[in-house]
Trainee: 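I have a structure here, written as structure tokens, and I will follow up with some questions on it.
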Amino acid sequence: MLDIRYLRENPVEAEARLKSRGEGVDLSRFQELDTERRGLLQEAETLKALRNRVSDEISKVKDKSQVQDRIAEMRTVSQKVKEMDERLRQLDEELQSVLLTIPNLPDPATPLGRSEEENRQVRTWGAPATFSFQPKSHWDLGEALGILDFERAAKLAGARFVLYRGLGARLERALINFMVDLHTGSHGYTEVMPPLMVNRETMTGTGQLPKFEEDLFRLVDPDFLLIPTAEVPVTNIHRGEILRRDELPLCYTAYTPCFRREAGSYGKDTRGLIRQHQFNKVELVKFTRPSESAAELEKLLADAEKVLQLLQLPYRVMELCTGDIGFSAARTFDIEVWLPAQGCYREISSCSTFGDFQARRANIRYREEEGAKPEFVHTLNGSGLAVGRTLVAILENYQQEDGTIIIPEVLRPYIGGLEFIA
RNA sequence: GGAGAGAUGGCCGAGUAGGUCGAAGGCGCUCGCCUGCUAAGCGAGUAUACUGGGAAACCGGUAUCAAGGGUUCGAAUCCCUUUCUCUCCGCCA
């Protein structure tokens with residue numbers, strides 16, 4: 001959510017900055033509602049002040065028969081106040097729903113651009129390996145090795161699900177443990193295991209609701225929503241809290257399954273593990289002081305990159321342009337891993353700063369100094385990494401001509417010392 | 001799922017025959033005083049949001065005692081609903 005005062009005072013600038021995202025945002029509705037609300041609010045509050053004053057006077061009179069006319073008068077005032085409050089409630093609600101659907105302002109550092117074509121390559125790491133044979137896709141490799149079973153998963157649930165089996169399941173689990181251990185052991189994050197289903201307030205706090213409900217899985221009876229990423233429950237850990245300055249930055253890592261409807265991506269990535277309704281991810285989340293968030297984003301990105309470096313998987317880092325960053329994000333770096341069978345880089349992590357956008361929605365604050373006014377923190381998060389896609393990268397990059405897979409060295413302690421999957 | 005108890009400021013904790021309660025008291029914290037260090041002591045201050053005025057310092061108004069609604073001139077206090085917490089019983093990985 002954007003600062004209502006900023007929108008009120010700088011509507012032209014705000015519209016221009018939002019326009020750089022590609023979708024035009026019309027603030028005229030906001031301005032109408034805001035003006036009406038403030039006018040009515042003043043009227044209502046004046047009446048309330050009168051009522052409070054007169055009620056006070058009434059309380060001081062012992063013989064109430066002397067103030068019957070005043071009581072009657074206040075009865076009318078109260079009735080009027082009630083009507084105004086009802087209208088105010090409506091206005092507030094509408095204003096909120098307008099505000100909640102306005103995306104974040106792109107950070108000034110975010111490059112201008114219309115679509116992903118104009119994303120900026122920041123760096124590459126490692127070189128795509130050359131194969132003396134035609135590299136196979138991970139789904140062919142996985143099925144041949146008996147470690148990925150898409151057909152039976154479809155029987156159990158439907159399309160876009162997978163059944164990991166044997167060393168496939170073991171490898172997935174090894175990757176999860178490797179990543180979480182790295183981030184807690186070497187990068188200073190605190191591990192958390194949050195609920196996988198959450199309520200609507202939580203989904204609103206990080207920006208999934210009200211705009212993107214069609215992307216989410218929902219439970220019918222208690223109205224729970226399945227998390228599309230651990231960002232949601234972990235960022236909401238401190239919703240409504242005032243944090244102490246000396247505990248910032250707060251850094252959390254969480255392994256969770258993620259659930260996504262993937263509505264609107266019907267033709268895309270229909271084969272293999274790339275786009276699933278349920279997938280595993282290790283997430284990194286930070287709460288920082290505003291002045292430190294830019295530096296913390298760099299560190300978070302480096303922490304995610306470290307996973308690929310240790311696994312010796314070639315990748316590149318892309319900075320998303322204004323037309324490609326997500327609804328809540330102000331600035332985003334994607335890490336894309338090299339997939340030889342597809343002959344391209346594919347996203348495996350997305351690291352963003354949200355500025356105070358989520359903090360304002362979720363009301364997460366801190367005090368810069370003892371006794372100072374609370375300010376909003378900045379929130380950041382990134383995948384560290386998407387586990388299924390990491391497994392894809394390992395299968396495809398570490399494959400050998402006979403279809404067996406070499407296990408990256410750093411992973412071997414997590415998989416009983418095994419050197420390859422055959 | 002059944003029976004009962006509860007939810008007050010950063011924390012603890014008063015306050016239920018409705019008005020003098022944004023809310024006693026304590027702790028914590030901030031500033032000052034005092035004591036040749038430390039501890040103790042003394043004094044003052046210490047919620048948030050919205051909103052009006054002001055360049056600002058600041059001044060005014062409204063709201064907030066889990067959330068929402070009701071009764072009333074007036075609600076932390078009375079009534080209803082919801083959520084959450086705790087205790088006991090049942091069920092259960």
Side-chain angles (χ1 to χ4, degrees), chain A residues 1-10 30-100 193-205 209 219 221-225 233 236-248 250 257 287 356-377:
Chain A
M1 195 153 65
L2 300 179
D3 183 0
I4 190 167
R5 258 166 297 194
Y6 171 78
L7 287 178
R8 187 182 296 149
E9 286 158 22
N10 309 282
F30 160 77
Q31 287 169 316
E32 270 172 46
L33 289 167
D34 184 51
T35 307
E36 186 182 350
R37 171 176 169 274
R38 282 191 297 158
L40 191 59
L41 189 64
Q42 270 184 66
E43 275 185 66
E45 291 191 346
T46 306
L47 281 184
K48 285 181 189 177
L50 172 71
R51 184 183 65 186
N52 286 346
R53 209 180 60 239
V54 174
S55 290
D56 211 46
E57 287 165 18
I58 292 172
S59 75
K60 294 196 173 86
V61 176
K62 290 194 201 80
D63 180 2
K64 301 298 186 216
S65 65
Q66 291 183 358
V67 288
Q68 280 313 309
D69 52 333
R70 306 238 71 189
I71 289 179
E73 196 185 326
M74 286 310 105
R75 208 187 319 248
T76 340
V77 169
S78 265
Q79 190 52 43
K80 213 167 186 175
V81 164
K82 204 169 159 185
E83 285 161 18
M84 288 174 151
D85 275 348
E86 173 56 24
R87 174 67 187 144
L88 273 172
R89 201 192 51 74
Q90 285 173 15
L91 286 170
D92 270 334
E93 206 171 282
E94 261 189 84
L95 198 55
Q96 278 302 308
S97 73
V98 168
L99 286 174
L100 287 174
M193 266 195 203
L196 305 182
M197 41 186 111
V198 299
N199 57 34
R200 285 177 176 271
E201 293 71 59
T202 298
M203 281 294 181
T204 306
L209 290 183
L219 299 194
D221 191 353
D223 186 24
F224 288 139
L225 298 135
N236 277 279
I237 288 175
H238 296 295
R239 189 172 81 229
E241 295 183 13
I242 298 177
L243 303 170
R244 292 199 326 272
R245 176 183 156 159
D246 62 19
E247 64 189 338
L248 300 178
L250 275 168
F287 302 80
D356 60 11
F357 186 82
Q358 292 181 328
R360 184 173 283 109
R361 286 178 162 242
N363 195 25
I364 308 167
R365 295 173 296 173
Y366 83 106
R367 291 181 211 275
E368 182 61 38
E369 311 212 7
E370 195 72 44
K373 239 174 96 73
E375 302 172 50
F376 292 112
V377 299

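Each chain gets a letter, A, B and so on, in the order its sequence line appears, and its residues count up from 1.
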Trainee: Please name the pair of heavy atoms, one in A:Pro374 and one in A:Ile242, separated by the smallest distance, quoted to 0.1 Å.
Mentor: CG-CD1, 4.2 Å
Trainee: Which value, in whole Å, describes the distance between the P atoms of nucleotides B:rA24 and B:rG36?
Mentor: 36 Å
Trainee: Listed in order of residue number, which residues of residues 36-46 of chain A have a non-hydrogen atom at under 4.0 Å from RNA chain B?
Mentor: A:Arg37, A:Arg38, A:Leu41, A:Gln42, A:Glu45
Trainee: Determine the interatomic distance between C1' on B:rA47 and the same-named atom on B:rA40; round to the nearest Å.
Mentor: 30 Å
Trainee: Taking the C1' atom of each, how far is B:rU85 from B:rA67, in whole Å?
Mentor: 15 Å
Trainee: Just the dot-bracket of RNA chain B, please: which string comes out with Watson-Crick or G-U pairs under 3.5 Å, [ ] for crossing, | for another strand?
Mentor: ((((((((.[[[..)...(.....]]]((((((.......))))))(((((((....))))))).[[[[[..)....]]]]])))))))....
Trainee: Side chain to side chain contact (heavy atoms under 4.5 Å, CB included) with A:Arg87: which residues, sequence neighbours excluded?
Mentor: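 With sequence neighbours excluded, A:Arg87 shows a side chain to side chain contact (heavy atoms under 4.5 Å, CB included) to A:Glu36, A:Leu40, A:Gln90, A:Leu91, given in chain and number order.
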Trainee: Please work out if A:Arg75 contacts a base, only the sugar-phosphate, or nothing of the nucleic acid, heavy-atom cut-off 4.0 Å.
Mentor: sugar-phosphate
Trainee: In whole Å, measure the gap between the P atoms of B:rU46 and B:rG26 for me.
Mentor: 15 Å
Trainee: Between A:Arg239 and A:Glu201, does any side-chain N to carboxylate O distance fall below 4.0 Å?
Mentor: no
Trainee: Going 5' to 3' along RNA chain B, between which two nucleotides do contacts with chain A fall, using a heavy-atom cut-off of 4.0 Å?
Mentor: B:rG19 to B:rG74
Trainee: Using a 4.0 Å heavy-atom cut-off across all strands, classify A:Lys373 as base, sugar-phosphate, or nothing.
Mentor: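 A:Lys373: backbone/sugar contact only, no base atoms under 4.0 Å.
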Trainee: Need one value for A:Lys62: base, sugar-phosphate or nothing, where a base atom within 4.0 Å counts as base even if backbone is also close, heavy atoms only.
Mentor: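 No contact.
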Trainee: How far, in whole Å, is B:rG74 from B:rC21 if one measures between their C1' atoms?
Mentor: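 It works out to 13 Å between them.
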Trainee: Which part of the nucleic acid, if any, lies within contact of A:Arg200, taking any heavy atom under 4.0 Å across all strands shown: a base, the sugar-phosphate backbone alone, or nothing?
Mentor: nothing
Trainee: Among residues at least two apart in sequence or on other chains, which ones pass side chain to side chain contact (heavy atoms under 4.5 Å, CB included) with A:Arg245?
Mentor: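 Result, side chain to side chain contact (heavy atoms under 4.5 Å, CB included) vs A:Arg245: A:Arg289, A:Tyr366, A:Glu368.
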Trainee: Which residues satisfy the side chain to side chain contact (heavy atoms under 4.5 Å, CB included) test with A:Pro195, sequence neighbours excluded?
Mentor: none
Trainee: How far, in whole Å, is B:rU87 from B:rC27 if one measures between their P atoms?
Mentor: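 Their P atoms lie roughly 31 Å apart.
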Trainee: Taking side-chain hydrogen bond (donor to acceptor under 3.5 Å, both in side chains) as the test, write out the residues that go with A:Arg38, two or more places apart.
Mentor: none
Trainee: List the atom pairs, with distances to 0.1 Å, where a side-chain N or O of residues 73-82 of chain A and a protein N or O form a donor-acceptor pair under 3.5 Å, not counting sequence neighbours.
Mentor:
from	atom 1	to	atom 2	distance (Å)
A:Thr76	OG1	A:Ala72	O	3.1
A:Thr76	OG1	A:Glu73	O	3.1
A:Ser78	OG	A:Arg51	NH1	3.2

Trainee: What residues, two or more places apart in sequence or in another chain, satisfy side-chain hydrogen bond (donor to acceptor under 3.5 Å, both in side chains) together with A:Glu93?
Mentor: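 For A:Glu93, the residues satisfying side-chain hydrogen bond (donor to acceptor under 3.5 Å, both in side chains) (neighbours in sequence not counted) are A:Arg89.
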Trainee: What pairs with A:Gln68 under side-chain hydrogen bond (donor to acceptor under 3.5 Å, both in side chains), at least two apart in sequence or on another chain?
Mentor: none
Trainee: Mind checking side-chain hydrogen bond (donor to acceptor under 3.5 Å, both in side chains) for A:Asn10 and listing every partner two or more places apart, or none if nothing turns up?
Mentor: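 For A:Asn10, no residue satisfies side-chain hydrogen bond (donor to acceptor under 3.5 Å, both in side chains) once neighbours in sequence are set aside.
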Trainee: Please classify the nucleic acid contact of A:Arg53 as base, sugar-phosphate, or nothing, using heavy-atom distances under 4.0 Å.
Mentor: nothing
Trainee: Scan side-chain atoms only and decide if A:Asn52 and A:Ser55 contain a donor-acceptor pair under the 3.5 Å cut-off.
Mentor: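 The answer is no; no qualifying pair exists.
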Trainee: I'd like the P distance from B:rA5 over to B:rC79, given in whole Å.
Mentor: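 Going atom to atom, P in each nucleotide, I get 13 Å.
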Trainee: For a quick check of understanding: with a heavy-atom distance under 4.0 Å over all strands, which category does A:Asn52 fall into, base, sugar-phosphate or nothing?
Mentor: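 Since only primed, P, OP1 and OP2 atoms lie under 4.0 Å of A:Asn52, the category is sugar-phosphate.
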Trainee: With sequence neighbours left out, write down each residue that passes side chain to side chain contact (heavy atoms under 4.5 Å, CB included) with A:Glu241, or none if nothing qualifies.
Mentor: A:His238, A:Leu243
